[in-house]
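Naming convention: chains lettered A, B, ... in sequence-line order (proteins, then strands); numbering from 1 in each chain. Nothing here was measured: the structure is a model prediction, and the numbers come from that model.
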Amino acid sequence: MVVRRFVEGVDERLDPGSFVAKNLRKVFPDHWSFMLGEIALYSFVLLVLTGIFLSFFFVASPQETVYSGPYAPMQGRIVSAAYDSVLRLSFEVRAGLVMRQTHHWAALVFMAALIAHLIRVFFTGAFRKPRETSWILGVTLFAVGIAAGFTGYSLPDDLLSGTGLRIIYSAVLSIPFVGTWLAYLFFGGEFPAPELLSRLYVLHILLIPLALMALLGGHLSLVWLQTHTQFRAPGRSEDTVEGTPVWPKFALKSIGLAFLTFAVLAGLGGLVQINPVWLYGPFVPYTASSPAQPDFYAGWLEGLLRLWPDWEFHVFGHTIGELFLPAVVVPGVIFTVLALWPFLEARVAGDRVWHDFAQHPREAPVRSGIGAAGLAFFTVLMLAGSNDVLAKFLDVEVDTLNDVLKVALVVVPAIAGIATWWVCRDLRGSDAHPIGRPRRATIRRGAGGGYEEDEG
Amino acid sequence: MSTRTEAATLSRILRWGLLIAVVGQVLWSFRPAPSRAQTVQERTGQRLYEASCSTCHGLTGDGTGNGPTLQGVSPSAVEFMLTTGRMPLASPNEQPRRQDPRFSPEEIDAIVAYVQTIAPGGVPIPPVDPAAGSLSEGAAVFLDNCAGCHGAGATGDSIGGGRIAPSLDQPTAQEIAEAVRIGPGTMPVFNPRSLSEQELNSLVRYLLWLREDGGDGGLQLGRVGAVAEGLVAGVIGLGLLIVAIRLTGSKT
Amino acid sequence: MRRPERIVAAAFALSILAALGLAAVYVAGGQTQAEGALLLVALGGIGVGLLVWAKTLMPGIGDETQPRPRRARGPEPTAAADAVIGGAEELGRRALLTRLLIGAAVALGLAALFPIRSLGRAPRGSLFTTPWRAGMRLVTVDGTPVTRLTLEVGAFTTVFPEGYVGSADGQAVLINVGDAPLTLPPDRLAGAPDGLVCYSKICTHAGCPVGLYLAAEHQLRCPCHQSTFDVLNGAEPVYGPAPKPLPQLPIEIGDDGNLRATGDFTAPVGPSFWDLPPA
């Protein structure tokens, strides 16, 4: 048949030797939690595909124009060509809105899956030697992903995203010594400079995707070459990997998951509204609307800014602005610690051995405790970032909620960390599910008055 | 006369005097208010006012320890508070909130008319004609003046101090116009010189339009923005896919 | 057909129908929700079909075990590493040439960084000044000059220097506080005549426009991180992360009733930066 002749033809001309055959037979373990990274990957693929469509219609220019499209409340309004092109895409280009919304939902799910994948890798110790480099590439992907999302949703030049840009500009300004110069360099001058929009475009459609693809390429190649980790199980050894061969079963499952990911993202893209920039209006520097939040993956940064006290420092006649600590130093420390974690843990635990088994969280109580504390920390920060929405939803006073969250920021991670460590230690060695059925016991009172447990 | 008879008489006078003073005070407090109610409507209003409002705002509208004076308060404000059910309050410490109005429209007109007789003046009830406004002017006015508190999608937000700038999907055109002109609660005032009648018409037209039409993108998620979108992406987007991989992947 | 086969067939068939539906919707003019739902079915049908097929219809292909790539244990490098190190050592034998090469590479690299400077402009003093000058009239966003009658008590509006409507650093908020007691230093009290007081609208925390006015409390609040400023007390921050008060724009009421600035703001506007001297 056609496929056989085609493959034989390629085979004859390329003489790939055993390279292709060996790799098509390579096995991959298929624990469900190992698929989280794939969800992120397929979301990225859809981002590129929908992004290509959008790039044909978006105009990255701050030039003023008068909106004259079908969206009545903006008619006659002076807007930038960028904003105008996004409204045109949303209301006049066939399938434009579904493409735009799918693109944005894909960005959110990409980051959500990436974070879930990071959490899985962390709690299973899959970053240990020899996979430290994969981990560093992954943390870099996380940071670049945030930049990708931020530059992306700032492109429509609407009121909400423009406010976010102003905040980043102020954060860069607060950097000691070089802040003013750096801010004027990146932003093209005093905010809002007209050069900013086209720079965001170059970053978002060229430099950042190139970086993401390079990082992804490295990350995936390493997984391929070093083989994927696997959970301990009866009959498994650390020197072998048990799983499904790539072709045909694993590949088909992966492609199926890819299509399912595309389906969920496109479904959201058509059925659930996201980032309605026509409601926010074009960016003007003299007004801001509420609620004002960035996309969720930057929600923890927003929470830091809302909770941080109003400390400002003066040194030698200069000022270190209040934003410097929560907007620059703390995120920098967090990402550095995160990236270097494999080396930190190896040093503290004295563990420089090669590992190919993934651990169940209970096998590493200290790490799991720290991980749980970290998760709790980020969750409280995300709640703080959405505090005004949360306060309205819960019908409580937002200023009091802030005070509660400030305390929670310290207390909840401590409790979560200690509790997790305790449960892990308790369960270590056993296979029982942490929220399993309680052990049943029958207790009988003996004739002499004491109590005994009935065996069996 | 003996000292004992003098003392008895004096004490009788004092007792009677005290009784008359106390009874007199009590009766005096029940005196009817100086009534300037002339028409039937105003008298109906007076009856309703004295039953539901005077405990806190005073029989003469001069206020009491429990409620502020109504002197200088405009008919717009009275009408706004009653039609949106914010008044009458069950207790003086309660936060005024939008509820079903306690009175019928005719009764509200009566109370407004009566309050004008005891507390005249103030901003008249603004005329509002949404059809004469323009959607694009309304959107611009809304974004420049209102979106900071009421949200870009006009669905409300918390503004501190336990208060919430409410969602604007319920009030009538008249109520919106009144609120804009009187600045109820902690809302600032937007007087005609700062926000013209035409701009007000446009604003009202935009808000009425916005209720029906927030865009073609699908489910609006309360127009809350990134918070709701993030939740949907995590819980529904990633959630559905996690269900899928749990079903298709292995558990060991 | 067995049940899994039926499921896969149905999934693919639904997908085909949905794809046809998509084409029809597009030709008919497009409708976002229909497009989303049909894409969900069209893509999901293929996805579900493939997953069910792989999971249940390929029983002959089960789990396999393969050895992991293991390097021979020991400190000796592999042949590949040997080759790389060997090549580097060959270069290293000519020490002077190697050093000059590194010098050339570094120098060129540094020189290549200079064009980056073209991306920005020198800040100079631009963070310390705004367009406001003494005598400039206050105007609203539509260019109308503001008079003493424009705002009633409890009202507020955004103002700009005349000729600079929309100015990002000149933006200010004018409030009429009526008889409420204003606590300002004596030299600034004159700049707030008749209960009309004017402050910079740029939040001193992260630069968002401070657009919420809580009239009953006389407070300005920023929507971004809830910094709250006391209007009666020189816009001092009373809640939230803002570290400094909003600078005041001193104004006067002219003989023609128009409001004019009597100078630039009392301090540089916006959040702090390195070159800002302590107040």
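Side chains of A/Thr240 and C/Arg68 form no contact here, defined as non-hydrogen atoms less than 4.5 Å apart. Looking at heavy atoms from C-beta onward, A/Thr102 lies in side-chain contact with A/Leu46 at the 4.5 angstrom threshold. A heavy-atom distance below 4.5 Å is found between the side chains of A/Trp224 and A/Asn23. Within the 4.5 Å cutoff, the side chain of C/Gln171 has heavy atoms near those of the C/Phe160 side chain.
Of the two parts of A/Val284, neither the backbone nor the side chain holds a non-hydrogen atom closer than 4.5 Å to a non-hydrogen atom of chain C. Residue A/Leu265: no heavy atom, backbone or side chain, is found under 4.5 Å from chain C. For A/Gln273, no part sits under 4.5 Å from any heavy atom of chain C, backbone or side chain. Only the side chain of C/Gln226 has a heavy atom closer than 4.5 Å to any heavy atom of chain A. Only the side chain of A/Leu323 comes within contact range of chain C, with at least one heavy atom under 4.5 Å from a heavy atom of that chain. Interface remark: A/Asp399 contributes backbone and side-chain atoms alike to the contact with chain C (heavy atom separation under 4.5 Å). Heavy-atom distances place the backbone of A/Ser289, and not its side chain, under 4.5 Å from chain C. Heavy-atom distances place the side chain of A/Arg199, and not its backbone, under 4.5 Å from chain C. Looking at C/Val27, only its backbone comes within 4.5 Å of chain A, counting heavy atoms on both sides. The parts of A/Glu302 that come within reach of chain C are both its backbone and its side chain, each placing non-hydrogen atoms under 4.5 angstrom from that chain. Of the atoms belonging to C/Arg221, it is side-chain heavy atoms, and not backbone ones, that fall under 4.5 Å from chain A. For a residue to count as touching a neighbouring chain, one of its non-hydrogen atoms must lie under 4.5 Å from one of that chain's; by this rule C/Tyr26 touches chain A with backbone and side chain alike. Contact annotation for A/Leu225: only backbone heavy atoms (N, CA, C, O) come within less than 4.5 Å of a heavy atom of chain C.
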query = For C/Phe128 and C/Phe273, what are the C-alpha separation, side-chain angles and deciding distance, and is it a ring-ring contact (aromatic ring centres under 6.0 Å, His included)?
reply = CA-CA 10 Å; C/Phe128 288 90; C/Phe273 46 94; 5.3 Å; yes
key: salt bridge (charged side-chain N to carboxylate O under 4.0 Å, His left out) between A/Arg131 and A/Asp356, worked out   = CA-CA 9 Å; A/Arg131 295 176 177 84; A/Asp356 278 313; 2.7 Å; yes
query = Which is it for A/Gln293 and A/Val389 under the side-chain contact (heavy atoms from CB on, under 4.5 Å) test, yes or no, and what are the steps along the way?
reply = CA-CA 10 Å; A/Gln293 273 89 16; A/Val389 175; 4.1 Å; yes
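The two residues C/Ser272 and A/Thr319 come nearest to each other via the heavy atoms CB-CG2, 3.7 Å. Looking at every heavy atom in both residues, A/Pro29 comes nearest to A/Val241 through CD-CG2, 3.9 Å. Closest non-hydrogen pair, A/Ala384 versus A/Leu405, comes out as CA-CD1, 3.6 Å. When all heavy atoms are compared, the tightest approach of A/Tyr286 to C/Val141 is OH-CG2, 3.2 Å.
Not counting sequence neighbours, the partners of A/Phe313 by the side chain to side chain contact (heavy atoms under 4.5 Å, CB included) test are A/Trp311, A/Ile320, A/Leu325. Judged as a side chain to side chain donor-acceptor pair (under 3.5 Å), and not counting sequence neighbours, the contacts of A/Ser170 are A/Arg166.
Panel note: side chain C/Thr56, backbone C/Trp53; no donor-acceptor pair is recorded below 3.5 Å.
Of the listed residues A/Arg94, A/Met99, A/Glu238, the one with more heavy-atom pairs under 4.5 angstrom with chain C than any other is A/Arg94. Heavy-atom pairs under 4.5 Å with chain C peak, among A/Leu252, A/Ile175, A/Ile167, at A/Ile167. Of the listed residues (C/Leu127, C/Leu39, C/Val41, C/Thr228), the greatest number of heavy-atom pairs within a distance under 4.5 Å of chain A belongs to C/Leu127. Most heavy-atom pairs under 4.5 Å with chain A: of the set C/Ala37, C/Pro67, C/Gly29, this distinction falls to C/Gly29. Listed options C/Leu38, C/Thr65, C/Val173 were ranked by heavy-atom pairs under 4.5 angstrom with chain A; first place goes to C/Thr65. Note: A/His228 leads A/His228, A/Gln226, A/Gln101 in heavy-atom pairs under 4.5 Å with chain C. Contacts with chain C were tallied for A/Ser174, A/Pro192, A/Gly188; A/Gly188 has the most, counting heavy-atom pairs under 4.5 Å. Interface summary for chain C: among A/Leu260, A/Val27, A/Ile168, A/Val264, the most heavy-atom pairs under 4.5 angstrom belong to A/Val27. Among C/Pro271, C/Pro277, C/Ser126, C/Ala168, the residue making the largest number of heavy-atom pairs under 4.5 Å with chain A is C/Ser126. Counting heavy-atom pairs under 4.5 Å between each of A/Leu268, A/Asn387, A/Ile255 and chain C puts A/Asn387 at the top.
No salt bridge links A/Asp30 with A/Lys249; every basic N to acidic carboxylate O contact stays at or beyond 4.0 Å.
Using cut-offs of 30° and 60° on the angle between ring planes, the pair A/Tyr169 and A/Tyr184 is tilted.
Annotation: residues 240-247 of chain C contacts chain A through C/Gly240, C/Pro241, C/Ala242, C/Pro243, C/Lys244 [non-hydrogen atoms, separation under 4.5 Å].
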Identify every side-chain donor-acceptor pair in residues 205-213 of chain C under 3.5 Å, counting partners at least two apart or on other chains, and give the distances.
residue: C/His205; atom: ND1; partner: C/His225; partner atom: ND1; Å: 3.1
residue: C/His205; atom: NE2; partner: A/Glu322; partner atom: OE1; Å: 3.1

